[in-house]
Every structure is written in C-alpha cells, then in structure tokens.
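Everything below concerns the one structure shown next.
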Protein chains: 2
Amino acid sequence: MTEPNFDAETAANYSPRNYRTPDGAPADIVIFTITSTERNTSKKSLPSRRLEVLLIQRKSWPFAGQWALPGGFSKETETLLASAKRELQEETGVENVHIEYFNAYSEPGRDPRGWMISHAFCALVHEDTLASRRAADDAADVRLFPVQEALEMELAFDHRQILHDALKHIRHSMLTTTIARAFLPEEFTIGELYQVIETVVPEFVERNFIRKITSTRSRKGIIEEVRDSRGELKMSSRYSQRAAQLYRFTGFSPQLSIYS
Amino acid sequence: MTEPNFDAETAANYSPRNYRTPDGAPADIVIFTITSTERNTSKKSLPSRRLEVLLIQRKSWPFAGQWALPGGFSKETETLLASAKRELQEETGVENVHIEYFNAYSEPGRDPRGWMISHAFCALVHEDTLASRRAADDAADVRLFPVQEALEMELAFDHRQILHDALKHIRHSMLTTTIARAFLPEEFTIGELYQVIETVVPEFVERNFIRKITSTRSRKGIIEEVRDSRGELKMSSRYSQRAAQLYRFTGFSPQLSIYS
DNA sequence: GCAATAGTGTCTCTTAGACACTATCTT
DNA sequence: AAGATAGTGTCTAAGAGACACTATTGC
C-alpha cells in the first residue's frame with residue numbers, strides 16, 4: 001500500500017486522519033425511461049416511442065438552478081447499490097427496477113464541494129411505473145427530458161459526461177443483453193420489442209427480426225410464446241388489427257463471442 | 001440530494017464535515033498475466049500456458065501476513081485510473097498496459113480501517129514485461145499465483161470476491177473484445193491466439209478457428225496478415241516445424257448483438 | 001519416418017439478407 | 001376498400017460444424 005503508513009501491528013496505532021480523505025461518496029443515477037405517445041392514425045397503430053432521462057433542478061449551491069442527475073450521498077452503513085436504490089425510490093417512488101453500476105467519476109475538481117468520487121448507476125424504468133410520480137410533480141423541479149435534448153444542455157458537475165457514458169452503456173447492453181425487458185411489460189409482442197430496441201439504438205435495422213428471434217437455433221430460448229390457461233397461444237390486438245402473438249423473456253441470454 | 005443539506009447559496013455556508021465521510025479511496029488492481037512454460041517434447045511445440053494473478057503479502061495491520069491484491073490509496077489530485085496506473089508501476093514496473101476499471105466494492109465493514117469504498121481495476125500484462133521484476137523479488141512478498149489456486153486462498157479484505165469478479169470480467173471480455181492482444185506479442189500466430197483464449201476461457205472450443213477468424217465476412221478485419229518489407233507474408237517457426245503465418249490485431253472489433 | 005503444428009477439402013445443414021407476398025381485422 | 005400491423009414463402013449466398021485429409025520440416 002502506498003500513501004498511509006500502516007506500520008502498526010494493531011488498530012490502536014492506526015491513525016486514519018493524517019492524510020486527505022474524500023469529502024463524501026456520492027451516487028448519481030441516470031434514470032432512463034421510454035415514453036410512448038399515440039400516433040394520430042385512423043387505425044390502431046404502434047405508439048411512437050422516445051428515450052427520456054429524468055433530471056432534477058438543483059436548489060442550492062453548487063450549480064443552483066441547473067439541471068442535474070438525481071443522486072445523493074452514500075452512507076457508511078449501506079452499499080452503493082443500496083444508496084442508489086434508496087435515491088431512486090425517493091426520486092421516483094419506484095422499486096424493483098433494473099439498476100446497475102457502470103462507472104466512477106474521479107476527475108480532480110469535478111465537484112466544488114471537495115473531493116468527491118461519484119458512482120454512477122443506470123436505472124431503466126418502465127413508463128407505467130413512473131406514471132403516478134409524473135402526475136404529482138409535473139411542472140416541478142423534476143422532469144423527463146428527451147435524451148438528445150439533455151445531452152445538449154449544460155448540466156451540473158460532469159453530468160453531461162456521465163449521461164453520455166450511460167447512454168453508450170445502455171446502447172451496448174440493449175444489443176448484448178436482455179435489458180429490453182426493463183422497458184416492456186411482462187408479456188409483449190415482437191413489434192413492441194423491436195420498437196424498444198430501435199428507440200435505444202436508432203441504427204438497429206433487422207428486417208427478418210421475427211424469424212431470427214423466434215427460430216434461429218442460437219437465439220431460440222431468449223423469448224417464448226405465452227399461452228393461456230387452456231394452452232392456447234395468447235394474442236394481443238392492442239396495437240394492430242391482426243392479433244399478434246405475445247411473448248415473454250425466459251431469462252436465457254446467449255453467450256456472445258467475436259471468435260465463434 | 002439527500003444527506004447533507006446544502007441550503008446555502010454559496011460555498012461559504014457549506015460545511016462538509018457535519019456528516020460522515022469515507023476514510024480513504026482505495027484502488028485495488030487485479031494483475032493478470034499468462035505464463036508459458038516449455039513442454040518437454042521431442043519436437044518444437046507450443047508452450048503450456050497458465051493464467052496467473054499477482055498478489056502481495058501484507059506487512060501490517062489489517063490482515064498482516066495475508067496475501068492481498070496490490071493496491072493503494074488514491075490522492076485528491078489524481079483520477080482513480082491514474083492511481084491504479086501508479087500503483088501498477090510501483091508494483092511491477094510496467095507502464096502502458098491494458099488496464100480497466102470494472103467495479104466498486106462498498107459492503108459496510110469490508111475494511112477494518114474504516115469506511116473504504118474500493119475501486120477495482122483489471123490489468124492484463126504480458127509475461128515478458130513482468131520478467132525483469134520477477135527476477136528481482138522472487139521468493140519475496142510479491143508473487144504470481146495460478147488463478148485457481150488464488151481463488152482458494154484466504155485473501156485479505158474481500159479480495160477473493162474481487163478476484164472472482166475480475167476473472168468473470170476478463171473471461172467475458174476475452175470473448176467479446178480483442179483484449180487477447182494484451183497477452184500476445186505484436187505479431188503472433190493463430191495457434192498462439194487460440195492458446196491465449198483457451199487459457200482464459202477453458203471451455204472455449206472452436207475447431208475451425210483459423211477459417212472463422214481469417215475468412216468469415218463479419219470477422220474479417222479483426223486480425224490481418226503481417227508482411228515483411230518486400231511484401232512477402234511473414235512467417236514464424238518458433239513453435240512448429242511448419243512455419244505459421246504471423247498476424248496482428250488491426251484495432252477493429254465487430255459489434256455483437258443477440259438480436260442479429 | 002515420425003512428431004508436432006499448420007492448414008485445406010468437402011460435405012450437410014443452418015442462417016443471413018433481400019424482397020415479394022399473404023393474413024387479419026377495424027374503421 | 002383502405003390502412004396498419006403481423007407474419008410467411010422463396011431464393012441465393014454465406015456460414016456453422018464435423019471430420020478427414022494434406023503440408024512442412026527438424027529431429
């Protein structure tokens with residue numbers, strides 16, 4: 001070990017405060033959601049979807065008045081993940097959502113309050129679970145912004161960088177894992193799944209999507225057809241005249257490799 | 001924000017020390033290397049390779065005498081990555097190697113010295129670059145251990161968990177990125193590349209490896225043939241009677257997706 | 001000539017990628 | 001009938017996966 005000299009044999013001789021220590025352990029959370037708005041068509045149609053991020057407007061120094069990622073200070077008695085979950089609960093009222101740690105930010109001077117290494121989390125929240133909260137503090141100091149818009153704003157701290165990295169992270173995860181499920185109901189149609197992927201990764205194009213996801217050997221098992229109690233295939237006609245098969249994720253996710 | 005109340009409008013009113021702050025910001029580094037030992041064969045042959053991890057034996061409280069991951073405390077004036085690189089340099093004398101952040105460890109009580117959130121890095125080091133150091137402090141308090149062996153040791157702190165996670169991390173990266181290059185010389189044969197992958201991911205089997213890596217469309221461009229100054233294909237007969245084509249990584253790495 | 005690695009031939013089955021086509025049902 | 005989504009047919013070229021086979025060369 002380097003900086004502090006732990007020459008002592010016991011804790012008694014240990015003096016932690018003869019060197020500089022951090023001034024806090026903040027956790028920031030990039031809360032993504034996909035909003036859907038009905039399109040104005042004459043027939044049933046898929047909604048148009050948009051990736052949005054939740055930001056809060058700061059009330060106090062530093063960066064008072066500026067928009068920032070929600071976050072808070074971790075406590076000694078909890079893990080960072082627990083802090084992030086607590087913060088998410090306080091901010092949006094939701095629990096049991098997909099949340100994952102993705103990076104730490106430690107650039108000296110990134111926080112005017114002192115030496116703060118920020119721990120950044122991504123949370124993916126289904127819009128329905130956010131709906132109640134949105135009604136409550138609409139037009140308040142907590143808002144959803146389209147991601148593209150948020151990326152062009154002057155956010156507090158290095159939050160623009162964090163948001164940028166988070167976006168890159170979920171774009172990658174969207175294609176390599178089954179996190180799409182975080183944005184979807186338990187049972188969904190292929191069309192919805194495709195839309196979610198497309199919303200997060202605009203360049204995603206896959207014309208034979210349904211065939212690939214349902215019937216190629218290496219991918220079979222990612223999703224499965226839903227059946228009702230009588231064993232009949234369960235369909236949905238929420239977004240289309242012709243009923244569509246409902247699917248659910250199974251938990252299986254194929255191993256990817258550039259070599260095979 | 002939660003814990004501290006930043007009601008003030010300016011830094012003047014800001015009092016950072018009325019709540020608990022961390023007692024340090026440690027960075028721990030899991031330094032992996034692949035050692036090769038010649039097999040005792042009558043003909044030229046590929047060496048047998050093993051994945052090893054560098055551990056140090058602690059001199060002082062806490063966990064005095066136990067083996068631990070190298071690490072140190074980050075300073076206020078440097079980023080975590082810089083701390084990790086500095087520590088790596090001090091411990092092994094190597095610079096410019098593959099190093100990446102992969103997780104934070106924040107379980108309360110994980111460090112008897114106080115509240116310490118540890119930042120864990122993976123470094124992949126080619127054995128040649130470690131060779132000089134090894135000669136210097138062999139039989140000392142710094143040693144390479146086979147990974148399987150290290151995983152069964154009682155390591156200091158939660159370092160066993162960290163090592164376990166790091167291994168999982170590099171196994172995944174080995175198949176999905178081109179980190180294999182960190183363990184290989186600039187120019188290498190297909191046989192060597194295959195061995196490196198196999199060493200990190202024992203279950204990797206790919207009978208038609210050479211064909212896949214060199215001539216399938218989606219993978220073409222990951223590696224390229226090396227030619228000498230006269231434009232002739234450059235071969236190596238270091239490990240085989242029949243000379244083998246030398247390749248190098250190009251920097252290209254294909255995009256992976258479970259959906260296409 | 002044999003050990004050890006390097007690399008090719010060849011066969012079958014599956015998948016990729018493109019595009020045209022049919023199906024269903026409500027307004 | 002039109003509009004909107006759901007889904008199939010079909011063709012070609014490419015790739016996966018298996019296994020036998022040839023190539024090279026120092027000992």
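Chain letters run A, B, ... following the sequence lines, proteins first, then strands; residues in each count from 1.
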So, using side chain to side chain contact (heavy atoms under 4.5 Å, CB included) as the criterion, who are the partners of A/Ala68 when residues are at least two apart? A/Arg58, A/Ala156, A/His159
Between B/Lys85 and B/Phe121, does the side-chain contact (heavy atoms from CB on, under 4.5 Å) criterion hold? Intermediate values first, please. CA-CA 10 Å; B/Lys85 282 183 177 166; B/Phe121 290 80; over 6 Å; no
Give, ordered by number, those residues of residues 243-256 of chain A having at least one heavy-atom distance below 4.0 Å to an atom of DNA chain D; if nothing qualifies, reply none. A/Ala243, A/Ala244, A/Gln245
In whole Å, I'd like the distance from the CD1 atom of B/Ile210 to the C1' atom of D/dA18. 17 Å
Rounded to whole Å, the NZ-P distance (A/Lys44 to C/dT26) equals 6 Å
How about A/Glu149: does its CD atom have over 12 heavy atoms from other parts shown lying under 6.0 Å from it? yes
Who are the side chain to side chain contact (heavy atoms under 4.5 Å, CB included) partners of A/Thr178, not counting sequence neighbours? A/Arg181, A/Ile222, A/Phe249, A/Ser253, B/Ile258
Strand contacts (DNA chain D) in residues 230-242 of chain B, 4.0 angstrom heavy-atom criterion: B/Gln241, B/Arg242
Between atom CD in B/Glu225 and atom P in C/dA6, what is the gap in whole Å? 15 Å
Mind listing the closest non-hydrogen atom pair of B/Pro70 and B/Leu54 along with its distance? CD-O, 3.4 Å
Between D/dA18 (P) and B/Phe209 (CZ): distance, integer Å: 16 Å
Starting at the 5' end of nucleotides 12-21 of chain C, put B wherever the base has a protein heavy atom under 4.0 Å, S where only the sugar-phosphate does, and a dash everywhere else. --SSSBBB--
Indicate, yes or no, whether a donor-acceptor pair under 3.5 Å links the base of C/dT27 to the side chain of A/Lys43. yes
Under 6.0 Å between ring centres: does that hold for B/His169 and B/Phe102? yes
For A/His119 and A/Tyr101, take the angle between the two ring planes, folded into 0 to 90°, and tell me which bin it lands in: parallel under 30, tilted 30 to 60, perpendicular over 60. tilted
Passing candidate, ring-ring contact (aromatic ring centres under 6.0 Å, His included) with A/Tyr194, options A/Phe209, A/Tyr247, A/Phe188: A/Phe209
Is it the case that atom CD in B/Glu224 sees more than 12 heavy atoms from other parts of the structure closer than 6.0 Å? yes
Atom CD of B/Glu38 and atom P of C/dA4 are separated, to the nearest Å, by 14 Å
What pairs with B/Tyr239 under ring pair (Phe, Tyr, Trp, His ring centres under 6.0 Å), at least two apart in sequence or on another chain? none
Go through the steps to decide whether A/Glu206 and A/Lys212 satisfy the test salt bridge (Lys or Arg N to Asp or Glu O under 4.0 Å), and finish with yes or no. CA-CA 9 Å; A/Glu206 190 55 61; A/Lys212 283 202 173 178; 3.1 Å; yes
Separation of C/dG7 atom P from B/Leu193 atom CG, nearest Å, is 12 Å
